[in-house]
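Remarks on the structure that follows.
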Amino acid sequence: RLDPGALRERLAEEALAGLLREPLRELPAKLLYDERGARLYERITTLPEYYPARCERAILNRRAPAIAAQTDASEIVELGAGSAEKTRALLYALAGRSRLRRYVGLDVSAEMLEQTARALVTAFPDLRVHALIADYERDLAAIPPPEPSAPRLFTFLGGTIGNLELAARARLFGELRALMRPCDRLLVGIDLVKDPSVIERAYNDATGVTAEFNRNVLLHVNRLLGCNFDPQAFDHRAFYDPQRSWIEMRLRARRDLQVTLGRERRQLKFAAGDEIRTETSAKFRLEAFADELGGTGLALEASWRDQQGLFALVLARP
Ligand code: AVI
């Protein structure tokens, strides 16, 4: 367990820096995952429009035995563990080969991770479970050292790699590469480039769960920075940018408003229509993604797509 106070302080610093950024205010996407945000994201993964979760689940359910055989892993280290719901297919496949010994999950959502860890201990009584309340962009050093001759599978599922920009992705892959021994592997879920209307529908669902997930970031920021955002004063927007191959979520002020920040009572002014970017979610072409991996010393070993070709799982080796 990392010091929760230190993690919170870092999130607060990043939130403040983002709100003061010009010309476009920006909050880091990880702020979307306080306890309520993590639950809302779980609901998003069950929505009919949100194809990434459905497609990734289908690939995992179908390919878990092949991935287990190919990696021969006895340990999973999961970045952004969340509910680890889809990871279970892998865990069952590895347990079926009597190889599974340890699961290490990292997440910034403490409550969700604790629940996940408890559920895994119940479902897999022989599994040793480590739950690290940590930010995978900064805290990889907290991962317990590997056991000798126990191959590790690092997993980064859900398409979350797309929530990092190019330089941050390279940094993360480089750090993972440094942790990996020749026997270790990395499994990454990537959302693929496709008809933008399909992507935009997934981030503008009919029931408004994604809008609620987006607005919830302001409640989290209120707690972190002691400010008074009214989430209802902002509209949810999500649109695809073909130049950057990403969809971005923004919050747009419905009217002129002021927000008071922290103990210093600094005023943040918004004119009607002013926006805060709250997330970018990149969509990839497999070849370009393989090049990105290559640039950090990792090599694509295998990849699997769902039947519609919307999403892919990529297995990389050092
Ligand atoms: C976690 N991450 C991969 C999701 C995504 O699609 O970028 C978060 C999300 N944002 C809106 N809906 C879901």
Side-chain angles (χ1 to χ4, degrees), residues 26-60 78-87 105-109 112-113 116 135-137 155-166 168-169 172 187-220 231 234-241 244-252 275-284 289 306 310-314:
E26 182 160 24
L27 289 166
K30 66 187 131 192
L31 292 184
L32 292 163
Y33 304 92
D34 64 345
E35 188 183 355
R36 180 164 180 264
R39 271 191 278 118
L40 285 166
Y41 173 62
E42 284 305 311
R43 273 179 63 198
I44 289 175
T45 63
T46 66
L47 296 171
E49 297 94 331
Y50 194 69
Y51 65 85
R54 188 175 57 252
C55 295
E56 189 180 52
R57 197 174 300 120
I59 305 171
L60 274 170
E78 178 148 62
L79 310 186
S83 67
E85 186 261 327
K86 283 167 285 175
T87 318
L106 272 79
D107 209 294
V108 283
S109 305
M112 175 68 79
L113 189 61
T116 300
D135 177 352
Y136 49 73
E137 284 195 84
T155 58
F156 197 27
L157 300 177
T160 309
I161 190 67
N163 296 136
L164 304 183
E165 292 194 25
L166 184 65
R169 295 200 291 272
L172 180 67
L187 186 70
V188 193
I190 55 170
D191 195 7
L192 299 171
V193 169
K194 62 184 66 64
D195 175 353
S197 68
V198 174
I199 303 176
E200 288 186 343
R201 246 197 322 276
Y203 291 78
N204 290 286
D205 65 279
T207 46
V209 183
T210 309
E212 213 35 48
F213 171 67
N214 193 6
R215 285 192 197 100
N216 179 66
V217 76
L218 297 179
L219 296 176
H220 191 193
F234 289 83
D235 283 322
H236 162 75
R237 282 190 73 215
F239 61 92
Y240 188 68
D241 177 342
R244 321 287 298 259
S245 289
W246 72 29
I247 186 151
E248 51 180 277
M249 291 206 305
R250 295 188 178 193
L251 289 167
R252 175 184 275 180
E275 295 186 329
I276 311 173
R277 182 152 69 189
T278 52
E279 180 185 70
T280 57
S281 189
K283 311 302 164 194
F284 298 92
F289 189 71
D306 62 288
L310 301 179
F311 196 93
L313 275 184
V314 171

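Counting starts at 1 for both ligands and their atoms, in listed order.
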Counting C-beta onward and ignoring hydrogens, is there a side-chain heavy-atom pair between Glu248 and Tyr203 closer than 4.5 Å? no
Please list, chain by chain and in numerical order, all residues satisfying salt bridge (charged side-chain N to carboxylate O under 4.0 Å, His left out) with Glu212, sequence neighbours excluded. Arg36, Arg215
Do Leu79 and Ile161 have side chains that approach each other closer than 4.5 Å (heavy atoms only, starting at C-beta)? no
Within the protein, flag every N or O under 3.5 Å from an N or O of ligand 1, and note the pair and distance.
residue: ligand 1; atom: 2 (N); partner: Asn163; partner atom: OD1; Å: 2.9
residue: ligand 1; atom: 6 (O); partner: Tyr50; partner atom: OH; Å: 2.5
residue: ligand 1; atom: 6 (O); partner: Tyr203; partner atom: OH; Å: 2.5
residue: ligand 1; atom: 7 (O); partner: Asn163; partner atom: ND2; Å: 2.9
residue: ligand 1; atom: 7 (O); partner: Ser281; partner atom: OG; Å: 2.6
residue: ligand 1; atom: 10 (N); partner: Glu279; partner atom: OE1; Å: 2.8
residue: ligand 1; atom: 10 (N); partner: Glu279; partner atom: OE2; Å: 3.2

Within the supplied structure, the quantity of interest is the number of heavy atoms (other residues, nucleotides, ligands) at a distance under 6.0 Å from Arg54 CZ; does it exceed 12? yes
Do the side-chain N and O atoms of Lys194 and Tyr51 include a donor-acceptor pair separated by under 3.5 angstrom? yes
Candidate list Phe289, Phe311, Trp246, test ring pair (Phe, Tyr, Trp, His ring centres under 6.0 Å), partner Phe284, passing option: Phe289
